[in-house]
Amino acid sequence: MGNTNSSKRLERADKTGVLVLINQMPPLTKVPDAALTMATLRTLDLSHNLIAHARGIGGLRGSLTSLTLAHNRITELDPTIGTLVKLELLDLRNNRLTTLPAPIVGCARLKKLHLDHNVITELPSAIGDLAALAILTAAHNKLATLPDDFGRLATLVEADLSSNDLAMLPSSLGGCKRLRLLKLSGNPNLAPLPAPLLTETPLDRVEVDDHLLGSDGLLGGEGADAYNARRKLRQDKELVSKLHGGDLKFST
C-alpha cells in the first residue's frame with residue numbers, strides 16, 4: 001500500500017472516525033501526526049508495522065474507543081495513554097513491552113486488554129482500577145506474580161495468563177466475582193490454586209498442564225469440590241446444547 005492510499009485513508013478517517021493502516025509499505029515507524037489531531041477518531045488500527053513508540057496518543061482522549069497496535073516494535077507506552085477515558089479495546093499483542101505505565105489504569109472504560117507475546121514482567125499495582133475490564137489476555141510474557149489488586153477486577157470474565165513464570169496466585173483473586181475462564185497452561189512451577197478463587201468465584205473452566213492435575217495438583221486442594229461441581233454443570237449444559245443441534249465444543 002503506497003503513501004497516496006494512506007493519505008486518502010487519513011482524509012476519510014477525519015469523516016468516518018475509523019483509521020486502519022495495517023501492514024503499510026513502507027512500514028509506519030510512529031503514529032501519524034495527522035491521526036493524533038483527529039478530534040472525532042474512534043477506531044485506530046496500526047498493526048503490523050514497525051512502530052517503536054506511540055507518543056502523543058493522549059491527544060485522542062476525547063474520542064478514541066478502540067486502539068490496536070499489535071505486531072509492532074513498541075518497547076514502552078506513552079503514559080498519556082491513561083487519559084484515553086473512552087477507550088474500550090486496547091490490543092498490544094506481539095510487541096516488546098517489558099511493563100505498562102501506571103497511568104494506564106486511568107482507562108476506566110477499558111473492557112478488553114490484549115498483551116500477549118511481549119516480555120512483560122509485572123502488571124500495574126493498581127490494575128483493579130480498570131473497573132470495566134472483562135477480558136485480559138497476557139499469554140507468553142514473563143509474569144512471575146500478580147498484584148494483590150488483581151482481585152478488584154470484579155467484572156473480569158476471562159483471563160489468559162498461560163506461558164508465563166507464575167509460581168503462585170494471590171488469594172485476592174476470590175474477588176473476581178464474574179471470572180469464568182482462567183488459562184494457566186505453560187506455568188510449570190505453579191502452586192495449587194488458592195481456595196477463594198475456587199469457592200468465591202463462578203469459575204468453571206481452568207486450563208492447566210496435564211502434569212499439574214490430579215488429587216495433589218493445582219485443582220486438588222481446598223475448594224476443588226466446588227469448582228468440579230460447576231465444571232460438571234457447564235459440561236452437562238454443553239452436552240444438552242449439542243443434543244439439541246448446538247455447535248458447542250467440549251472442554252475441560
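Small disclaimer: the values here were computed from a predicted structure and weren't measured.
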key: Ser171 to Pro196 - nearest heavy-atom pair and separation   = O-CB, 3.5 Å

request  = For the pair Phe150 and Leu169, evaluate side-chain contact (heavy atoms from CB on, under 4.5 Å) and give the outcome as yes or no after the intermediate values.
outcome  = CA-CA 10 Å; Phe150 200 98; Leu169 300 183; over 6 Å; no

inquiry  = Using side-chain heavy atoms (C-beta onward) and a distance below 4.5 Å, is Leu181 in contact with Val157?
reply    = no

inquiry  = Tell me which one of Thr16, Leu64, Asp14, Leu36 satisfies side chain to side chain contact (heavy atoms under 4.5 Å, CB included) with Leu41.
reply    = Leu64

request  = Could you tell me whether a side-chain N or O of Lys86 sits under 3.5 Å from a main-chain N or O of Gly62, the two making a donor and an acceptor?
outcome  = yes

note = The side chain to side chain contact (heavy atoms under 4.5 Å, CB included) partner of Asn118 among Thr75, Ile74, Leu100, Leu97 is Leu97

ask   = Could you give all pairs that pass the side chain to side chain donor-acceptor pair (under 3.5 Å) test and reach residues 97-115, with sequence neighbours left out?
value = His114-Thr137

ask   = Is the closest side-chain heavy-atom distance between Asp148 and Pro170 below 4.5 Å?
value = yes

key: Main-chain N/O of Leu69 paired with Asn95 side-chain donor or acceptor, under 3.5 Å   = yes

request  = Could you give me the CA-CA distance, side-chain angles and deciding distance for Arg12 and Lys8, then say whether side-chain contact (heavy atoms from CB on, under 4.5 Å) is met?
outcome  = CA-CA 6 Å; Arg12 288 199 301 268; Lys8 290 181 179 179; 4.0 Å; yes

inquiry  = If you count every heavy atom of other residues, nucleotides or ligands that lies below 6.0 Å from Lys177 atom NZ, does the total exceed 12?
reply    = yes

request  = For the pair Leu90 and Leu84, evaluate side-chain contact (heavy atoms from CB on, under 4.5 Å) and give the outcome as yes or no after the intermediate values.
outcome  = CA-CA 10 Å; Leu90 178 58; Leu84 300 178; over 6 Å; no

query = So, for Leu156 and Ala134, which heavy atoms are closest and what is the spacing to 0.1 Å?
reply = CD1-O, 3.5 Å

inquiry  = If we ignore hydrogens and angles and just use 3.5 Å, is the side chain of Asp149 paired with the main-chain N or O of Gly128 as donor and acceptor?
reply    = yes

ask   = Is Glu88 atom CD crowded by more than 12 heavy atoms from other residues, nucleotides or ligands, each under 6.0 Å away?
value = yes

query = Is any side-chain heavy atom of Leu203 closer than 4.5 Å to a side-chain heavy atom of Leu182?
reply = yes

Arg205 bridged to Glu207 by N-O distance under 4.0 Å = yes

message = Treating Asp45 as the side-chain partner and Val20 as the backbone partner, does any N or O pair qualify as donor plus acceptor under 3.5 Å?
response = no

task = Mind checking the CG-SG spacing from Leu113 to Cys107? Nearest 0.5 Å is all I need.
result = 9.0 Å

query = Asp160 side chain to Ser162 main-chain N or O, any donor-acceptor pair under 3.5 Å?
reply = yes

task = State, yes or no, whether a side-chain contact exists between Thr121 and Leu143 at a heavy-atom distance under 4.5 Å.
result = no

task = Decide, yes or no, whether a salt bridge links Arg180 with Asp204 under the criterion of side-chain N to carboxylate O below 4.0 Å.
result = yes

ask   = What is the distance from atom CG of Asp129 to atom CG of Leu110, rounded to the nearest 0.5 Å?
value = 12.5 Å

Separation between CG of Leu184 and CG of Asn164, rounded to the nearest 0.5 Å = 9.5 Å

request  = Would you confirm whether Asn187, through its side chain, and Asn189, through its main-chain N or O, come within 3.5 Å as a donor-acceptor pair?
outcome  = no

request  = Applying side-chain hydrogen bond (donor to acceptor under 3.5 Å, both in side chains), name anything that partners His140, two or more places apart in sequence or on another chain.
outcome  = none

inquiry  = Evaluate Leu77 against Leu92 for side-chain contact (heavy atoms from CB on, under 4.5 Å), listing each step before the verdict.
reply    = CA-CA 10 Å; Leu77 289 178; Leu92 297 166; 3.5 Å; yes

ask   = Hey, does the side chain of Arg93 reach the backbone of Asp116 with a donor-acceptor pair shorter than 3.5 angstrom?
value = no

message = Are Ile22 and Val18 linked, directly or through intermediate hydrophobic residues, by side-chain heavy-atom contacts shorter than 4.5 Å (ILVMFWY only)?
response = yes

message = I want to check something: taking the side chain as every heavy atom from C-beta on, are Met38 and Leu10 in contact at a cut-off of under 4.5 Å?
response = yes

message = Using only atom types and a distance under 3.5 Å, with no angle test, would you say the side chain of Thr65 pairs donor to acceptor with the backbone of Leu87?
response = no

ask   = From Ser47 OG over to Asn49 CG, what is the distance, rounded to the nearest 0.5 angstrom?
value = 7.5 Å

remark   = Value for CD (Glu200) from CG (Leu179), rounded to nearest 0.5 Å, stands at 12.5 Å

inquiry  = Restricting to non-hydrogen atoms, name the atom on Pro147 and the atom on Pro124 that form the minimum distance, rounded to 0.1 Å.
reply    = CG-O, 3.6 Å

remark   = OG1 (Thr199) and OH (Tyr227) are apart, to the nearest 0.5 Å, by 14.0 Å

message = Counting C-beta onward and ignoring hydrogens, is there a side-chain heavy-atom pair between Leu161 and Leu146 closer than 4.5 Å?
response = yes

ask   = Is Asp78 paired with Arg55 through a side-chain N to carboxylate O contact shorter than 4.0 Å?
value = no

inquiry  = Ignoring hydrogens, what is the shortest heavy-atom contact between Thr155 and Leu133? Give both atom names and the distance.
reply    = OG1-O, 2.7 Å

query = Can any side-chain N or O of Asp91 pair as donor or acceptor with the backbone N or O of Leu67 at less than 3.5 Å?
reply = no

request  = Provide the closest heavy-atom pair for Pro101 versus Pro79 in the form atom of the first, atom of the second, distance.
outcome  = CB-CA, 4.1 Å

key: N/O donor-acceptor pair under 3.5 Å between Asn72 side chain and Ala70 backbone   = yes

ask   = Just one of Leu19, Leu46, Leu21 clears the side chain to side chain contact (heavy atoms under 4.5 Å, CB included) bar with Val31, so which one?
value = Leu46

inquiry  = Tell me the closest heavy-atom pair linking Pro27 and Leu50, and the distance in Å.
reply    = CB-CG, 3.6 Å

